[in-house]
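Naming convention: chains lettered A, B, ... in sequence-line order (proteins, then strands); numbering from 1 in each chain. Worth knowing before you read on, the calculation uses all heavy atoms, side chains too, and leaves out hydrogens, waters and symmetry mates.
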Amino acid sequence: MLDIRLVRNEPEQVIAGLRRRGLTISLDEFLSLDETRRQKLVETESLKNRRNVVSKEVGRRKAHNEDASDLIREMQEVGERIKVIDEEIRAIEARLNEILLTIPNLPDASVPEGPDETYNQEVRRWGEIRVFDFTPKPHWDIGEGLGILDFERGSKISGARFTVLKGKGAKLERALVNFMLDLHTKEHGYEEIFPPFLVNRDCMVGTGQLPKFEEDMFRVTPGDYFLIPTAEVPVTNLHRDEILDVEQLPLYYTAYTACFRAEAGAAGRDTRGVIRQHQFNKVELVKFTKPEDSEAEHEKLVRNAETVLQRLGLPYRVVLLCGGDMGFSAAKCYDLEVWFPSSGTYREISSCSNFKDFQARRANIRYRPAPGAKPEFVHTLNGSGLAIGRTLAAILENYQNADGSVTVPEVLREYLGMERID
RNA sequence: GGAGAGAUACCCAAGCAGGUUGAAGGGGACGGUUUGCUAAACCGUUAGUAGGAGCAAUCCUAGCGAGGGUUCGAAUCCCUCUCUCUCCGCCA
C-alpha cells in the first residue's frame, strides 16, 4: 500500500500517479476521515491519560484506607466516553484501511503512461526467428501427436484448463524445473525455497492479491486457505513482520511451485493448449533489497530470467509495460515474451516487477539501515524464471521437426537423457 | 480427533489470590574500571515498535501470543481464537 503520509500530505501526487495508470480517483473521503481520526485520537488519548493518573490515585487512597468513591464515579463517566470514541476511531480506521488497501502502486517515473498494452514499449529482442520449410504446428497438435499432452483426460479428471503431461512430456516438464533451479542457484546466486502451496489470508493481503482480487483465487475449505497463484506470495511473505539485518540484503530466493489461478476474467481466451491453465508450474525469482538498490537489482533480475530463454535458444523480446498494463502492486514491470511460430506472435512467459516498498509496507518487511537506526521498508522484486508450461509449449513449437518430432534443446539433454522427443 | 502443558523484552525466566511493575533475576550484547595482552572480576547501559501532539526540547497513547469482556484500574480475573510442545489415536 501507499504511505499514508504521502496520501495525506501530497494527494495531488497520488492522483497524478494513478492517472498514469489510466485511473481517476478521488481522495476526498480518505482525507476527511483521516483528519477526523486524528482529532478523535487527541481526545481519547487525553482522556486515557487522565484515567491512568486518577486510577493510580485511587490505588493510593485505598492503600491508606481513604475514600475514593468520587474519583471512581468520575472515571466511570470517562470510561464510557473513551469507549464511545474508540469505537468511532475503530470504524474510521477500518474504512481508511479498506481504501488504502485497494489503491494500486504508483508507477515509476520511467514507466510509459497509458491505459492498455498498446502503450507498452519494446526494449530489446534476442534470438533468431527460425524459418520453417513446413508449416509449424501449434504446440497442442505437436503434444497430442507425440502422446505427451493429454487435454481430454485433463478435462475428464478435473475440467477445462487442466492438462495431463505424459511420458517424455512429464519428464520434459521436470527437466525444465531442474534446469532453471540449477541455473539460478548455481550461477545467479539465489537460494532455493520450497514453500507451502496453501497460504493464509495475511499472505494474500501482504503481496496484494487481496482484498481486491479474491475472485481470481482458489479458496480452500476447510480453513481459510488460498492456493497460491504464484510463489511470489509465500516467498515474499517469508519475511512478513520481520526486521532484516542490512548485511543480509540483498536476499535472492528462487522457488519452484505449482500455481493456481481461477482465470475469472479470461473466459474464451487461450482455450486450446497449455498457455492458460488453472494449474501450472513456475520457477520464481524473488528479491529483497535496500531501496537504493532496487532499480539495478530489477535490471539484473530481468537478465537472469532472460538467461533461461537464451540457454534454451528461444527467441524473445523484452517489453516495458505501461501504467495501465501493470499489475496492482508493481511500480515497474518488464515482460519477457517468447516467440510462438504457429501463431507468429510473442507471448508473455515472464513478468519481472519492482514493487518498491508497496508490498513491504503491506507485509511489514523492514530492515535497519545502520545499528540503532529506525527500521525502513525494504524493496521487494520478483519475476518468473520462467513459467514452465509456456516454456514447454515454446520448445515444442520452436524445436518441432517436419515429422512431428521435437529436437531437445542442447542444454536440456543431460536432464532428459535424450536428443529427440518422438 | 482425544488428553494435558505452554506463549512475558535479543535469549532464558519470575510475576498470575488486580493497584506507583511496561515488568524481578539470569544470560547475551554494548560502554567503562582494572590489566603488559587476553581472560576473569567489578561498575554501568540495554524494550523494540506503532500511533498522536509540538517549531523544538519533549510529552502523551497503545503494547506481557491475537481479539473481546469485567473493573476507577488487568501481564494478573472471564470468554473466543491462533500457534508451540508432550502423550494417545490416525495417517503419506
Quote, to the nearest angstrom, the [atom1] distance that separates [N] from [M].
| N | M | atom1 | answer |
| --- | --- | --- | --- |
| B/G25 | B/A14 | C1' | 7 Å |
| B/U46 | B/G26 | C1' | 14 Å |
| B/G6 | B/C81 | C1' | 16 Å |
| B/A24 | B/C11 | P | 16 Å |
| B/G4 | B/G15 | C1' | 23 Å |
| B/C78 | B/C16 | P | 14 Å |
| B/G19 | B/G73 | P | 14 Å |
| B/U86 | B/G31 | C1' | 44 Å |

Self-check item: Upstream residue (5' side of RNA chain B) when A/K374 and A/V53 are each assigned their closest nucleotide
Solution: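 In this pair, the answer is A/K374.
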Self-check item: Whichever of A/T44 and A/R60 has its nearest RNA chain B nucleotide further upstream toward 5'
Solution: A/R60
Calculate the interatomic distance between [X] atom [atom1] and [N] atom [atom2]; express it in whole Å.
| X | N | atom1 | atom2 | value |
| --- | --- | --- | --- | --- |
| A/E93 | B/G52 | CD | C1' | 11 Å |
| A/R61 | B/C72 | CZ | P | 15 Å |
| A/I92 | B/G52 | CD1 | C1' | 14 Å |
| A/K62 | B/G19 | NZ | P | 12 Å |
| A/R8 | B/A53 | CZ | C1' | 13 Å |
| A/I82 | B/G69 | CD1 | C1' | 16 Å |
| A/D241 | B/C83 | CG | C1' | 14 Å |
| A/N97 | B/G51 | CG | C1' | 14 Å |

[N]: pairing nucleotide in any strand, Watson-Crick or G-U under 3.5 angstrom:
| N | value |
| --- | --- |
| B/C59 | B/G52 |
| B/U38 | none |
| B/A74 | none |
| B/A3 | B/U86 |
| B/G22 | none |
| B/C10 | B/G27 |

Tell me whether the side-chain N/O atoms of [X] come closer than 4.0 Å to OP1 or OP2 in [N].
| X | N | answer |
| --- | --- | --- |
| A/N49 | B/U61 | yes |
| A/R51 | B/U61 | no |
| A/R368 | B/U49 | yes |
| A/R50 | B/G73 | no |
| A/K83 | B/U70 | yes |

Minimum-distance nucleotide to [X] side chain [options: [options]]:
| X | options | answer |
| --- | --- | --- |
| A/P375 | B/G22, B/C72, B/U49 | B/U49 |
| A/K56 | B/C72, B/G22, B/G52 | B/G22 |
| A/V42 | B/A62, B/G52, B/G19 | B/G52 |
| A/N52 | B/A53, B/A62, B/G51 | B/A62 |
| A/R5 | B/C60, B/G51, B/C72 | B/G51 |

Exercise. Have a look at A/L71 and say if it touches a base, only the backbone sugar-phosphate, or nothing, with a 4.0 Å heavy-atom cut-off.
Key: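 No contact.
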Quiz item: How are the rings of A/Y190 and A/H184 set relative to one another: parallel (under 30°), tilted (30 to 60°) or perpendicular (over 60°)?
Solution: perpendicular
Self-check item: Closest approach of A/D357 to A/F377 (non-hydrogen atoms, all atoms of both residues)
Solution: CB-CB, 3.9 Å
Quiz item: Is it true that a side-chain atom of A/N398 and a backbone atom of A/A394 form a donor plus acceptor pair closer than 3.5 Å?
Solution: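 Yes, the answer is positive, given that a donor and an acceptor are paired below the 3.5 Å cut-off.
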Quiz item: Short question: side chain of A/Q279, backbone of A/F260 - any donor-acceptor pair under 3.5 Å?
Solution: no
Practice problem: Find the distance between CG (A/N382) and CG (A/L285) and round it off to the nearest 0.5 Å. | Solution: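 CG of A/L285 is found 8.5 Å from CG of A/N382.
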Quiz item: Are there more than 12 heavy atoms of other residues, nucleotides or ligands under 6.0 Å from atom CZ of A/R153?
Solution: no
Quiz prompt | Pair A/D325 + A/R21: basic N to acidic O under 4.0 Å | solution =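 Between A/R21 and A/D325 there is no salt bridge, as every charged N stays at least 4.0 Å from the carboxylate O atoms.
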Practice problem: Let me know which of A/S353, A/S351, A/S384 forms a side chain to side chain donor-acceptor pair (under 3.5 Å) with A/D335. | Solution: A/S351
